[in-house]
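Letters A, B, ... mirror the listed sequences (proteins, then strands); counts begin at 1.
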Amino acid sequence: MGGTEIALLWRMKSDPHIAELPGEPPLISQALEDQQELTAVDLFSDWHEGNGHPENRETWKTLLPGSAPGPGQQYAFEVDLDSCSGCKACVTGCHNQNGLDPDEAWRSVGLLQMVSTFPVRSEAPSFLQHVTTACHHCLEPACLSGCPVIAYEKDPFTGIVKHLDDQCIGCQYCLFKCPYGVPQFNKSKGIVRKCDMCTDRLTVGEAPACVQSCPNEAIKITVVDKEEIKQQPFAIPGSPDPVFTQPTTRYTSRSAIPADAGSSDASDLALQPSEWPLAVMLVLTQASVGGLLAHLLFEPSTVLILLATVLGGLGLAIAPLHLGRPQFGFRAFLGWRTSWLSREAIVLGGYQGVLSLACVLGVLPLIFSLPEPETGLLFLDSWIQQLTRLPFLNNGIQQLNHLPLVGSLFHPPGWLVTGLGWTAFALGIQGVFCSAMVYMDTPRKWWRSKMTLVKFSLTGLLCGLALASSMPFTPRTMKGILLGSLFITSAVKIVMELWPLFSAKESSHELWPVASLLRRLKPLLFARIAASLAGVILLPGLWSLGLLPSVALVSVFPLVLLGELLERLVFFKACAPPSMPGCIVKPTGNH
Amino acid sequence: MLPTTLLAKDGVLTRELVKTPAKFGLGMHPEKWHPDAVVESVCGFCSTGCNLGLHVKDGRAVNLTPSKHYPVNQGHACPKGWEALTPLRAADRATTPLLRRDGALKPVSWDNALRTFVDNFKRIQKTHGPESLAFLSTGQIATEEMATLGALAKFGMGILHGDGNTRQCMATSVMAYKEAFGFDAPPFTYSDFEESDVLFFIGANPCIAHPILWERVCKNKRNPTIVVVDPRKTETAMQAGLHVDLQPRSDLLFLYGLAKTLIQKDLLHRDYIANHTEGFSEFESFLQTIHMEFIQERTGIPQETFVQLAGLFRDNKRVSLWWTMGVNQGHEAVRTAQAIINLCLMTGNIGRPGTGPNSITGQTNAMGSRLFSNTTNLLGGRSFTNETHRREVADILNIPIHNIPTQDSLAYNEILEAVDRGTIKGLWVIATNPAHSWIHNGSFDKLMGKLEFLVVQDMYTTTHTAQYADLVLPAAAWGEKEGTVINSERRIGRIRKASKAPGKALADFHIFKLVAEYWGCGEMFKEWTTPEAVFQILKRLSKDRPCDFTGIEDYAHVGRSGGIQWPFTGKPDEVAENIPGERAGNEIFNDHPGKAPIQERRLFSDGKFFTSNGRARFCFEKPRALYEPTDDAYPLTLLTGRGSSAQWHTQTRTEKSPILQKLAPTRAYVEINPEDAETYSIQNGKPVTIQSRRGRFTALANFTQTVKPGQVFVPMHYEGVNALTYPAFDPISKQPSYKACAVRVSR
């Protein structure tokens, strides 16, 4: 049967404008055209046109507080656990009613089950409790205090913690700071976004999306007394210590949650992102400070200060790669009053500035003094001098040198260079301290330990030792002492890094999750240890046995640096964050 | 104040999420998505039949909100409903017909595709005879589409065999009701959830599988006693006052035990039994042959529990018993469902508010399929083997009676067996994914290899089944086409077109119409011009049948009434006065004065059933042993079922929503009791191999006391689960028994 015949049998529209699609007879073209029509929409969509009121008000009007918060009060979520049956409509309701991106959720629902340990308690009751959670609009929001660009505000009247999307630079430090995993990084927009308790809705007396979408009225908005909530924070098993932020959400239930109930994802830990730009920044800036110290203590030349400047500069140049919106990175100083990240940015910025100045002033005489080639100068210095002896450069330099003012500028006094060098070092030490505080000021158990500060400092020290010991200007005996110190320090640091593996033997230990993740990072740990061992044992050993020339010691520093970089990746990947209860087989789970 | 370069409190990113008052009763709504129109459509996932307002902006559905003024969901939806539009936007939508050439599926024109389809099917039919073609349909398309497919295939194309994936979910309830009531007629309305004093949930987990029905339970103001009968301590069991954790597949014995206890305690409604039922005395003597001790031993339920449960029927309390897949997917499922019906009949818990033996349906239009798919039943719940029925249909449709097959179609499992035997050579699969869902499907590869021509009609090209296809026909999805569906409580509701289908995808209705033309039987369907025209035909087919809905005027009538339950003939007891301006009245529109259908109506309030003598029948049979009991080699019972509220069946749609993916475990897991885990040295969160005599499957262990020792539970959503299941079928409904087979586990 041909297409034309078929077309006759089909209900033909008398409308002649229906074009035949290439390769399709009119019958099919007609069907395709019908398919693309949406005329029915107009016919049936008018019935509540013009009605500006929320149609479903009856379903949620009792779930809003009768009055606005007074002094010492604020709004809070209240969740009736008994009514929550685990349907998770609140998550999708929030997602759709707030116009979030396809993979973005501001609310989540976790599951509490009985924690199962061996030997099995056969009398253990079966227990299931879903727990819905969003921002707790804390009394002491850590996201707010940690934000380097003051992109968080806590409304003094409602207590709602609101995020300023256009202010955000996407540093994601709030993701580290919030114990509840509330702020969500939106990759495509390069910023963090989070629940604002549907401020736009509350303002006009409408319920937040989650409240509206819960079929069982399990979520409502209440007014809480701040003092009271401080005294009686919610106690969901496995949830983070409320002391960090003082969350305001209330969870109510007629029956108590069994003591040995816990999050169903407790055994399903996910490796964390490596945050490599941060890892590189930390290690390079710390290596820079160590290199500077080696320069100040040992070096008659400028190689190490040049290297320190380059390392520091590189570290600070790579750090913004971590930002979702690096073009606004300059705002990072704004939060200095409360944010260690701000302070780190300011101090390390200052360090790099002073260091660069010291470096330039240190190198200038090399160029302009044009002394006879010195013996014992390192290759770099002699290269610079060789360069300045090229005829066309040499002429220019000679002429500049003869200008009185310029001449003296190019020959800064030694005390100035040294003074700037030590100033930079002092800033560098403070920078390393700020870097450590960035992590120690989070609710993550492993990072909070003072060991973080020690580790960061030792990274600098190790790099300094490696550099000082490998330089040709260092006398052989000093080299021996430095390499010995390098070996001992490395050993101490590696033990410190692996400490959770030794200390967390029981699953109840607070570092157990870290230890579990460390075990999953074995290849990385091996590489980290191998790099260090090659740098601090193998090369120096061969050298001390006379099997390697001194120049081979130049490789010590790169190996030590590599070891430290790998250590820092582990530092990020293995640090399990605290969280509200999660689901079984988490989507982010990495098995 | 800091300059905005330093401190930007407003800007593009902030305004992206700003909410302002929107029209259509939405209240504050993201400004970027303020709709131009809101189109009301029943959700396309499950049979709860929630209504969703689809927000159309610039000719595209951008968002949705659950409809407040719909009697089913009253402003709420489950996560799948909220995300119903996301699967339409998936990248793997079928946008053009695909034909297998040189081993790969390649785009072809519709003309080419339809010619190839027709040529191959006609060739097969000519070579191998009328038994050689079959179709497998679905509970996911509109009633009008099902009827068009059924009529086209059976009356137009001469295909003898066709069945739907509803065989996997509802066949049991169909047969149970049919035998007991004389017609497949679920008697309840959702307000029964709110009107009951006692609710039994037997093999049902509404908290997860039907969250909006659980919402209705929560609205019950009568302080009801909730009993959950389930081997697992499900979310619903957690919420229940009483959890009867019986042994897997001992439900029939349990129900007989309860019936015995009711008789023993004399908690019967003798008048009701005498006036409205038949077969009770036979049932009573049958029960005497089963000993209570035997029941207690097999079910693991003590005598006190039976007494306690029987006591719930005291004082003329309103008792409703609800069941779903836990019952339906069993090896003696029909008798189990009927044992539930028997309990209601003997205690008079039927036809009154808050009572009834109530089957909660699975798919959005399983009920439409039950009446109009023209597969096992002839159109309108008729029988192919009944000549009067054939005559009625031939007259109504104005087709020669000899075009109507005189034999019943093969059931789903029989069709696949016929494929295996080589009898069926051509198969047309519409909107279902048997390669994942069919029981014991480890050998599906081999099975599909035996076909000469496989046509898969689906919205995605990536379903497991589509990978075997010789021809893929791109279908428009829910939300891209018009029609009606029927929910669990017999409510006919509209599905609506609010979005354009991608590429050359066509509504299933259009595809069937085109196939008719290319087959050469288009003349037979000249009256079937649009879905709404078909709806008028369906009305005629329903006339004087128990499902008579001739009182419904048209689609608009359905829409403005908040759906209309069958039967509806417009009789005085079916309608009430609608008062204009009072939105809380019967109609969701306030501008249609006059009589409107009463929104919640239940069946059998007069005690008259659809059997020839008007009495309901007690149906029963001796319980049978499990086909595959556990033994030393395979010591654990495998239970399967729904995992989370964010997953639907084989996940072809729900896996397309990143949000739903966040709400569901993304990898298969197995729930195992810590005691068993210890026995088999399994670690929590670590991979476990589950092995049956038919296949193996790997999942992550999840220790939980919600499954008892000796049992493991795996959600059905993950590919490969059904390599394990045992192909046992209920002998009456032919529904597969997914809920119990013997397995072993190892690290």
Side-chain angles (χ1 to χ4, degrees), chain A residues 1 6 9-11 23-25 27-28 31-32 35-36 38 40-41 44-45 47-52 54-56 59 85-89 91-93 95-96 99 102-103 105 113-114 116 118 120 122 124 126 128 164-167 189 191 200-201 204 206 215-216 267-268 331 584-585 587, chain B residues 6 8-9 11 13-14 17 19 21 24-25 27-28 30 33 37-39 56 59 63 68 75-76 78-79 82-83 109-111 207 211 214-215 218 233 235 238 497 500-501 506 510 517 520 522 529 589 645 658-659 661-663 665-667 669 674-675 678 684-685 700 702-706:
Chain A
M1 185 180 288
I6 292 164
L9 297 169
W10 187 260
R11 82 189 155 98
E24 306 287 15
L27 173 62
I28 289 166
L32 288 166
Q35 186 64 54
Q36 294 302 313
L38 279 184
V41 167
F44 296 99
S45 64
W47 63 275
H48 32 23
E49 184 96 42
N51 180 353
E55 207 200 3
N56 60 355
T59 62
S85 55
C87 79
K88 308 184 186 182
V91 180
T92 44
H95 170 81
N96 285 19
D103 57 349
Q113 288 182 322
M114 299 308 288
S116 301
F118 294 121
V120 172
S122 53
S126 43
L128 288 175
L164 306 175
D165 292 349
D166 279 288
Q167 176 63 4
K189 298 196 163 58
I191 57 164
D200 286 345
R201 293 198 167 91
V204 297
E206 287 180 27
N216 304 333
S267 68
D268 185 27
R331 291 174 181 162
I584 47 174
V585 195
Chain B
L6 274 183
K9 289 202 171 196
L13 293 167
T14 308
L17 295 181
K19 294 173 276 283
F24 310 108
M28 299 294 273
W33 288 350
V38 170
V39 182
V56 179
N63 200 7
K68 172 71 182 85
H76 289 115
C78 82
W82 277 105
E83 278 296 280
S109 69
W110 268 107
D111 187 46
C207 283
W214 185 253
E215 172 189 356
C218 292
K233 185 116 182 173
E235 279 81 354
M238 278 301 300
K497 188 199 273 190
K500 293 172 183 173
L506 285 174
H510 279 315
E517 300 297 348
T529 50
F589 285 70
S645 63
I659 285 299
Q661 287 283 289
K662 267 184 211 246
L663 300 183
T666 44
R667 279 190 60 184
Y669 63 95
E675 253 183 75
E678 196 173 26
N684 204 3
L700 301 177
N702 176 42
F703 289 10
T704 175
Q705 283 87 352
T706 57

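- Most heavy-atom pairs under 4.5 Å with chain A: of the set B/C207, B/C218, B/P79, this distinction falls to B/P79.
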Requested in this report: Just do the side-chain contact (heavy atoms from CB on, under 4.5 Å) check on B/L663 and A/T92 with the steps written out, would you?
Outcome: CA-CA 9 Å; B/L663 300 183; A/T92 44; 4.0 Å; yes
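- Top candidate by heavy-atom pairs under 4.5 Å with chain B, chosen from A/V91, A/N216, A/L128, is A/L128.
- A distance-only check finds a donor-acceptor pair linking the side chain of A/N96 to the backbone of B/W82 [under 3.5 Å].
- For B/W33, the part lying near chain A is the side chain, with the backbone staying farther off; criterion is any non-hydrogen pair under 4.5 Å.
- The part of A/Q113 that comes within reach of chain B is its side chain, from C-beta onward, which places non-hydrogen atoms under 4.5 angstrom from that chain.
- Among the candidates A/P215, A/A89, A/S85, the residue making the largest number of heavy-atom pairs closer than 4.5 Å to chain B is A/P215.
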Report task. Begin with the C-alpha distance, continue with both residues' side-chain angles, and end with the deciding distance and a verdict on side-chain contact (heavy atoms from CB on, under 4.5 Å) for B/K500 and A/Q35. Result -> CA-CA 7 Å; B/K500 293 172 183 173; A/Q35 186 64 54; over 6 Å; no
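- Between the side chain of B/N702 and the main chain of B/Y669, no donor-acceptor pair closer than 3.5 Å is present.
- In terms of modelled atom types and a separation under 3.5 Å, the side chain of A/Q167 and the main chain of B/L6 share a donor-acceptor contact.
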